[in-house]
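Input: a single structure, listed below in structure tokens.
Heavy-atom basis, side chains included; hydrogens, waters and symmetry copies ignored. Throughout, a chain's letter reflects where its sequence line sits, starting with A, and its residues are numbered from 1.
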2 protein chains.
Amino acid sequence: MDQVNLKKLAKELNLAVSTVSRALRDSHEISPQTKERVRELAEKLGFQPNPHASSLRQNKSKTIAVIIPEIENNFFSQVINGIESVSPTKGYHVLIYLTHEDYNKERDMLQLLRNGRVDGVMVSVSNTTTSFEHIDAWRQAGLPLVLFDRTCDELDVPNIMTNDAEMAFKATEHLLKRGCKRVAFLGMGGNLSISNRRKAGYLAALEKYKIATPPQVIELTAKDYINRETLHQVFSQQPPDGVFAAIEKFAVNTYEVCKELKLHIPKEVKVVSFSNLQAAALFDPALSTIIQPAYDIGREAANILFKLIEKKILMPFEKKMVLPSQLIERASTAELIR
Amino acid sequence: MDQVNLKKLAKELNLAVSTVSRALRDSHEISPQTKERVRELAEKLGFQPNPHASSLRQNKSKTIAVIIPEIENNFFSQVINGIESVSPTKGYHVLIYLTHEDYNKERDMLQLLRNGRVDGVMVSVSNTTTSFEHIDAWRQAGLPLVLFDRTCDELDVPNIMTNDAEMAFKATEHLLKRGCKRVAFLGMGGNLSISNRRKAGYLAALEKYKIATPPQVIELTAKDYINRETLHQVFSQQPPDGVFAAIEKFAVNTYEVCKELKLHIPKEVKVVSFSNLQAAALFDPALSTIIQPAYDIGREAANILFKLIEKKILMPFEKKMVLPSQLIERASTAELIR
DNA sequence: AAATTTTTCGAAATCGTTTGCAAAGAATTA
DNA sequence: TAATTCTTTGCAAACGATTTCGAAAAATTT
């Protein structure tokens with residue numbers, strides 16, 4: 001036994017284990033002198049309390065889980081960064097779980113975490129998620145949970161998101177004002193709240209500007225080669241003159257296909273996309289983007305989760321928090337020079 | 001108490017706690033019939049063993065830690081993805097810690113994790129790390145640890161990395177063969193193993209091709225605006241005609257500054273960089289990159305860590321594993337058309 | 001039928017920390 | 001001085017799962 005624990009300290013100091021424990025937790029019922037003695041030896045022996053014993057006894061793990069669809073995506077990386085800006089200050093540890101856009105995995109993970117391993121979870125649901133029972137089960141069990149970005153409006157659970165519909169409207173409007181007549185929307189299938197919000201914004205803009213040509217909603221997938229094939233097929237018949245991509249990846253696919261088909265951006269096709277890629281400005285041409293406040297979303301979501309964990313009462317605005325995105329106009333939606 | 005535990009199951013079944021425990025762990029000393037009875041009720045009541053109690057008793061946490069400098073970087077995201085491709089299959093959970101390139105944080109984290117919270121750690125050291133005592137302390141304590149990418153050759157700890165020196169040599173050689181006379185190297189300060197290896201490869205290439213002009217090593221930082229300032233200053237005097245960036249971020253900075261100074265890439269300056277950004281092909285001009293096998297590095301590092309945890313003996317090649325990178329030549333290093 | 005082995009299960013200790021309660025001594029009050 | 005509080009400490013029981021040890025019961029062998 002080279003591991004130092006309370007018992008060892010207690011024996012060394014001729015004290016009871018309980019006294020040592022209390023001394024280290026700075027309890028008022030321990031005299032300053034003994035506290036000092038205990039602290040000194042603990043320091044000297046490099047004592048570190050066993051987290052499993054503490055967790056077991058106190059029934060709290062000082063750990064939270066982050067469940068996201070993927071991580072090779074600037075948005076989610078930045079969210080994690082935001083979360084990590086809070087968690088250490090609260091003494092919390094962060095577990096990461098990837099669903100790879102698989103509802104079954106998501107459900108199973110959430111189920112598996114209901115054993116006290118974590119004190120709360122932050123979820124951005126996968127795009128194959130149709131039922132929210134697994135989320136609701138957490139809510140019903142009274143366990144702390146927040147949804148971010150890919151949320152679910154119906155549930156009485158804190159949502160932290162951005163103004164998707166509004167920005168989708170603005171992006172579409174931007175394309176229309178730049179002279180586009182046939183604007184296509186690239187979304188991911190499923191009935192993800194986020195997809196719906198973005199599609200709704202797109203449709204609203206078309207309606208407001210009384211666009212005659214019917215909306216063109218193209219549903220893409222997680223696989224690049226499938227997307228390229230789909231786009232290739234659509235674009236080689238009658239290409240749209242404006243593309244609004246709901247995800248960065250789809251904008252990249254659009255660029256690739258336009259290059260293949262020798263469609264000039266922005267002369268023949270203008271492109272705007274939700275994206276948090278800093279390097280979007282270096283694209284050929286520079287990509288107009290809607291930047292989401294990913295870091296802030298992560299930070300605020302974490303703050304709210306910790307409030308839930310600490311059983312503090314949430315302010316009304318914290319139940320459904322909307323952090324605004326920003327539209328950056330770049331060359332990919334530049335006006336034609338006549 | 002709505003929480004189901006062994007005691008509850010035992011009482012319900014008129015069995016001893018130990019029997020229930022053994023039945024659920026499929027012990028040979030429990031009859032098939034009772035096993036079935038126990039399993040059925042456990043299933044029905046949704047029993048999930050308390051991980052803290054198990055961890056405490058068994059002295060293992062089924063958790064590993066990943067300590068990385070940052071996460072808003074495609075490379076590290078891909079590494080995590082690789083790790084996550086292994087850990088669930090082993091029943092392990094993954095904690096993420098960010099050092100933000102701060103040696104003190106790194107040291108403290110490693111110290112803090114020496115309390116049984118995790119069964120092993122994977123570290124990519126920060127660039128402010130000069131001493132490796134904190135790493136060595138783990139090794140000496142016999143705790144499982146692997147280093148990846150940003151490693152330390154001196155220590156007797158498994159290293160999983162890529163062929164940095166070789167690829168740096170190739171990248172520099174590539175620039176020289178494309179006609180560059182004054183190739184600059186953009187590295188990050190500190191004496192990180194990875195920086196040294198890349199710098200060494202750069203210098204070796206200059207030497208082999210007997211370049212008369214002295215090497216130009218420019219040390220950049222984590223802050224974009226500082227880097228832009230530095231590069232602006234250097235480039236506005238006598239710009240190099242070739243730039244080899246050790247990190248993606250520095251290539252982006254180079255692009256930005258070249259745009260400011262109206263230096264044409266690749267006519268006046270050719271650029272090649274270590275980068276795992278898929279979108280590098282869409283840059284203006286498309287960026288020549290050295291792609292690191294990030295996913296594989298994560299996967300292999302995790303595999304080796306689990307071998308250590310399971311006290312399996314490592315094969316010699318697993319102690320220092322080198323996974324090859326790939327040089328993709330694109331427009332940013334295209335030959336001039338005369 | 002007796003002796004032995006094998007199968008099946010229970011009691012209790014254990015992991016390390018926290019905490020309710022009791023007890024002793026010191027300090028204060030009546 | 002006696003009765004009371006307050007301060008400081010120790011004892012022991014949790015928390016929930018695992019595991020050692022041992023004891024019945026059943027199956028097998030002699």
Notebook entry, point to check: Taking side chain as C-beta onward, heavy atoms only, is B:Leu110 less than 4.5 Å from B:Arg107?
Noted result: no
Next item on the list: In plain terms, say whether A:Arg299 and A:Asp296 are close enough for a salt bridge, that is, a side-chain N and a carboxylate O under 4.0 Å apart.
Entry: yes
Checklist line | Neighbours of DNA chain C within residues 9-33 of chain B, by heavy-atom distance under 4.0 Å | finding: B:Asn14, B:Leu15, B:Ala16, B:Ser18, B:Thr19, B:Arg22, B:Glu29, B:Ile30, B:Ser31
Margin query: Can you list, in residue-number order, the parts of residues 35-53 of chain B that come under 4.0 Å of DNA chain C, counting heavy atoms only?
Written below: none
Checklist line | The single option from A:Val121, A:Ile68, A:Leu113, A:Val123 passing side-chain contact (heavy atoms from CB on, under 4.5 Å) against A:Tyr97 | finding: A:Leu113
Margin query: Could you check whether any side-chain heavy atom of A:Pro69 comes within less than 4.5 Å of a side-chain heavy atom of A:Asn127, counting everything from C-beta outward?
Written below: no
Item checked: Nearest-angstrom distance from the residue atom CG of A:Asn5 to P of C:dT14 -> 14 Å
Checklist line | Exercise: identify the closest heavy-atom pair between B:Met122 and B:Ile64 | finding: SD-CD1, 4.1 Å
Margin query: Counting the atoms with a prime plus P, OP1 and OP2 as sugar-phosphate, which does B:Thr34 contact under 4.0 Å by heavy atoms, base, sugar-phosphate, or nothing?
Written below: sugar-phosphate
Notebook entry, point to check: Roughly how many Å is it from NZ in A:Lys7 to P in D:dC11, rounded to a whole number?
Noted result: 14 Å
Next item on the list: Would you sort out whether B:Arg139 and B:Asp136 count as a salt bridge (charged side-chain N to carboxylate O under 4.0 Å, His left out), showing the intermediate values?
Entry: CA-CA 5 Å; B:Arg139 191 191 58 75; B:Asp136 203 43; 2.8 Å; yes
Check: Is it true that the side chains of A:Ser126 and A:Thr129 contain a donor and an acceptor less than 3.5 Å apart?
Finding: yes
Check: Looking at DNA chain C, which of residues 56-65 of chain B put a heavy atom within less than 4.0 Å of it?
Finding: B:Leu56, B:Arg57
Check: Do A:Asp26 and A:Lys35 have side-chain heavy atoms sitting under 4.5 Å apart?
Finding: yes
Next item on the list: State, yes or no, whether a side-chain contact exists between A:Trp138 and A:Val157 at a heavy-atom distance under 4.5 Å.
Entry: no
Notebook entry, point to check: Between B:Tyr92 and B:Phe306, how do the two ring planes meet: parallel, tilted or perpendicular, split at 30° and 60°?
Noted result: tilted
